[in-house]
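In what follows, a single structure is set out as structure tokens and then discussed.
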Amino acid sequence: RSDGSVECALGIVRPTASPGAVGEVVLAYRPEAVRLAVPRPGQPQWRVAAVSHRPRGTTLVLRLERGDWDVSVEAVANVRAGWNIGEAVGLTIDEGGSIAYPT
């Protein structure tokens with residue numbers, strides 16, 4: 001996008017850096033930069049596909065609910081009860097938590 005942001009399955013993201021990125025890009029991010037949010041109208045809707053409890057936290061695998069995209073992401077979750085398979089979540093990414101690379 002002309003303002004430096006990227007429109008992708010995570011919504012509109014403003015990468016920290018875009019080394020030579022013009023046109024289509026690959027967005028790289030760390031799972032801990034992804035934040036779970038309440039699903040909002042107009043934002044991509046995700047469903048919990050898997051939950052992994054690890055000594056230092058919980059990681060969720062999320063699948064995008066759109067028939068035309070087959071996308072999954074990992075997100076580090078703060079520990080709480082109730083992350084259930086099939087639960088709807090929204091996602092955001094920390095400002096400065098990603099880099100866009102040209103394809």
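Nothing here was measured: the structure is a model prediction, and the numbers come from that model.
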Rounded distance (nearest 0.5 Å) linking atom CG of L64 with atom CH2 of W46: 4.5 Å
Results of side chain to side chain contact (heavy atoms under 4.5 Å, CB included) for A50 - residues two or more places apart only: V61
Any N84 side-chain heavy atom under 4.5 Å of V48 side chain: no
Residues which pass side chain to side chain contact (heavy atoms under 4.5 Å, CB included) with V26, listed by chain and number, not counting sequence neighbours: T103
Any donor-acceptor N/O pair, R47 side chain to E87 backbone, under 3.5 Å: no
Set of side chain to side chain contact (heavy atoms under 4.5 Å, CB included) partners for A28, sequence neighbours left out: Y101
